[in-house]
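Scroll down for the structure; my scribbles are underneath it.
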Amino acid sequence: MMESSSLIAGTALLLLILLVATLRLLASRSLQEPPLARGEEDITEPCPDEFVSRIFSRDDWEFVRGIKCGSIERLFSRERKRVALAWVRQTSAMIRRVMRGHAEAARQSRNLEVSVELSILTQYVALMAVCAILSLAIQVAGPLWLGGLAQFAQRLSLRVAKAQESLQARSLAEAARPGTA
Amino acid sequence: MLGQLIWWSGIALEIALLVRGLRGQLVRRLPIFYAYIAFVALQEFARLLVQSNKRIYWDVYWLTEFLGLAMGSLIVFEIYRVSLRAFPGAARMARNALTFVFLTAVAKALANVWASGGWRLDSTAFEVERALRTVQAAAILALVALFLVYSIPFGRNLRGILLGYGLFIGQRVVCLTFMPPQGHHFWFYAYSAGYLVTLIVWLSHLWWYEVSPVANNAVPSDREYQSIAAATQRRLRAMRASVRKAVRS
């Protein structure tokens with residue numbers, strides 16, 4: 001038991017130190033390269049809702065499929081995947097920007113509240129994890145499948161909630177029936 | 001032969017580190033770190049002197065090993081003290097994180113005592129060192145994570161100490177997990193060679209003194225901090241809602 005926790009702590013520390021050293025190396029290399037005119041990191045405003053809502057929507061896909069041309073279908077899938085990945089990268093860059101701005105102010109505050117910081121940190125880690133999972137899912141299965149999966153999950157959760165409600169109502173009715181108590 | 005080569009290389013690197021520290025006035029700025037290096041160099045000579053007498057050697061070995069471990073913990077404190085001097089908010093978070101690590105370690109030790117039905121007097125020095133090094137590793141992990149979250153600017157010197165010491169503790173914990181108590185085997189050489197890598201990292205980062213970058217942000221008042229924190233939470237919630245809406249559309 002002790003051995004496994006030691007091994008985990010030691011390996012985690014080694015990996016983190018190597019990661020920090022690598023990031024430092026990459027950062028020093030990128031400083032030597034000319035800066036990009038307008039990268040994804042520089043974008044401060046989120047994409048318009050009408051644009052974002054179409055990334056994972058199946059409507060365009062249904063339209064393209066209706067043309068019945070394999071090459072257009074493949075081109076559409078490839079392009080939609082690229083747009084979806086760019087949106088995820090941009091979103092995570094904006095989340096990082098928000099967190100960096102907060103960290104720069106909070107680190108010097110004399111009245112920092114630990115509970116507030118932990119809550120912000122939890123939200124940040126959860127969002128970054130969602131972005132990482134989204135990116136992985138888009139790479140593996142594509143944005144259209146992801147949209148379908150989200151809708152399926154939503155329908156399923158609604159069905160579970162309804163079933164739970166009816167079960168609760170039935171148990172309440174049984175409890176209220178005379179002679180059951 | 002290989003063991004001797006590693007040993008003498010280690011002593012040479014430690015002496016070079018001390019000489020550069022004295023010449024570059026780094027000893028005055030990082031006294032605990034250089035006291036640790038001086039101690040380790042002296043301990044190498046002490047072990048060398050008693051090497052022929054196995055019984056005395058093991059007593060000296062474990063005594064100096066635990067003294068080194070205690071001084072190493074002070075290095076973690078020095079990193080905390082020097083790097084977070086200008087950042088009271090981050091320093092407060094670090095104190096809480098280190099207290100959490102310490103309390104978790106104590107709770108785990110008590111749980112182990114409870115599970116085994118009492119104090120185990122047959123715990124070897126190896127097991128004790130592994131447990132203490134694991135606590136050190138967890139403390140450094142917590143500190144590094146905090147430095148990353150709060151984007152604490154590091155000077156070249158302090159970054160070198162942190163990288164080198166983190167590398168040393170990480171590989172020490174891994175080696176202690178697999179290392180048989182005696183003999184010259186793979187893990188023995190891995191540990192010794194890992195320490196040489198640590199010394200090279202220290203020497204390359206502490207060859208000269210470099211002024212640490214200073215944050216020039218204005219210190220926010222209590223009310224300003226509250227409004228910044230509220231705005232951050234609001235923006236993160238909005239981002240979450242936006243992601244959810246996009247995927248469900």
Side-chain angles (χ1 to χ4, degrees), chain A residues 1-7 9-18 20-21 24 46-47 49 52-57 87-88 91 94-95 98-114 116-117 119-121 123-124 126-127 130-131 134 146-147 149-151 153-154, chain B residues 84 86-90 92-93 96 108 112 127 130-131 133-134 137-138 140-141 144-145 148-152 159 162-163 166-167 169-178 215 217-222 224-226 228-229 231-233 235-237 239-240 242-249:
Chain A
M1 182 65 186
M2 184 64 216
E3 282 180 15
S4 58
S5 57
S6 296
L7 192 59
T11 312
L13 182 58
L14 278 178
L15 289 176
L16 187 65
I17 292 294
L18 289 176
V20 170
R24 173 78 198 162
C47 284
D49 274 355
V52 175
S53 65
R54 298 205 73 84
I55 297 175
F56 298 97
S57 162
W87 172 75
V88 173
T91 305
M94 282 179 63
I95 295 166
V98 169
M99 191 59 192
R100 202 181 308 139
H102 171 79
E104 278 172 11
R107 68 189 183 184
Q108 283 182 299
S109 166
R110 287 197 173 79
N111 303 299
L112 176 139
E113 281 181 29
V114 177
V116 173
E117 290 301 306
S119 154
I120 289 173
L121 192 64
Q123 281 187 61
Y124 170 71
L127 269 170
V130 166
C131 284
L134 271 178
L146 197 65
L149 187 73
Q151 281 170 0
Q154 199 173 11
Chain B
L84 299 178
F87 305 105
R92 189 171 181 182
M93 284 300 284
N96 279 284
K108 195 170 183 315
N112 282 349
E127 287 168 335
R130 188 176 59 213
R133 293 283 189 201
T134 305
I140 297 173
L141 263 175
V144 174
L148 289 176
V149 168
Y150 286 99
S151 320
I152 302 297
R159 191 173 57 245
L162 185 63
L163 283 179
L167 200 66
I169 294 297
Q171 66 99 16
R172 182 68 176 148
V173 170
V174 172
C175 286
L176 279 169
T177 311
F178 296 113
N217 293 12
V219 177
S221 68
D222 189 18
E224 278 171 333
Y225 166 72
Q226 298 286 354
I228 289 167
T232 306
Q233 283 181 309
R235 291 185 72 183
L236 288 177
R237 270 199 297 270
M239 301 289 287
R240 194 174 57 188
S242 153
V243 170
R244 194 181 294 162
K245 194 176 159 192
V247 177
R248 284 182 179 172
S249 59

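Chain A is the first sequence line, chain B the second, and so forth, proteins listed ahead of strands; every chain is numbered from 1.
- Between chain A and the options B/Ala90, B/Gly166, B/Pro88, heavy-atom pairs under 4.5 Å are most frequent for B/Pro88.
- A/Gln123 meets the side chain to side chain donor-acceptor pair (under 3.5 Å) test with no other residue; sequence neighbours excluded.
- The residue among A/Ser119, A/Cys131, A/Ala103 with the most heavy atom pairs within less than 4.5 Å of chain B is A/Ala103.
- Contacts between A/Ile95 and chain B at a heavy-atom distance below 4.5 Å involve backbone atoms as well as side-chain atoms.
- Per-residue heavy-atom pair counts under 4.5 Å with chain B were compared for A/Leu134, A/Asn111, A/Val116, and the maximum is reached by A/Asn111.
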Exercise answer: donor-acceptor pairs, residues 11-18 of chain A side-chain atoms, under 3.5 Å, sequence neighbours excluded:
unit_1, atom_1, unit_2, atom_2, d
A/Thr11, OG1, A/Leu7, O, 2.6

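- Proximity to chain A (any heavy atom under 4.5 Å) is shown, for B/Arg237, by both the backbone and the side chain.
- B/Val149 and A/Met99 make their closest contact through CG1-CE, 4.0 Å (heavy atoms, listed as atom of the first residue, atom of the second, distance).
- For A/Val88, no part lies near chain B; criterion is any non-hydrogen pair under 4.5 Å.
- Between A/Ile120 and B/Ala229, the closest heavy-atom pair is CD1-O, 3.8 Å.
- When every heavy atom of B/Tyr225 is checked against every heavy atom of A/His102, the shortest pair comes out as CE1-CE1, 4.4 Å.
- The line from CD of B/Gln226 to OG of A/Ser109 is 8.0 Å long, rounded to the nearest 0.5 Å.
- With chain A as partner, the option from B/Val173, B/Val144, B/Leu167, B/Leu141 having the largest number of non-hydrogen pairs under 4.5 angstrom is B/Leu141.
- For the options B/Leu236, B/Leu148, B/Ile152, B/Val243, heavy-atom pairs under 4.5 Å to chain A are most numerous at B/Leu236.
- Within the 4.5 angstrom heavy-atom criterion, no atom of B/Glu224 approaches chain A.
- Contact annotation: the side chain of A/Arg110 never approaches that of B/Arg92 to less than 4.5 Å [non-hydrogen atoms, C-beta and beyond].
- Atom CG of B/Leu84 is separated from atom CZ of A/Arg107 by 10.5 Å, given to the nearest 0.5 angstrom.
- Minimum interatomic distance between A/Thr91 and B/Met239 (heavy atoms only, all atoms of both residues): O-CE, 3.6 Å.
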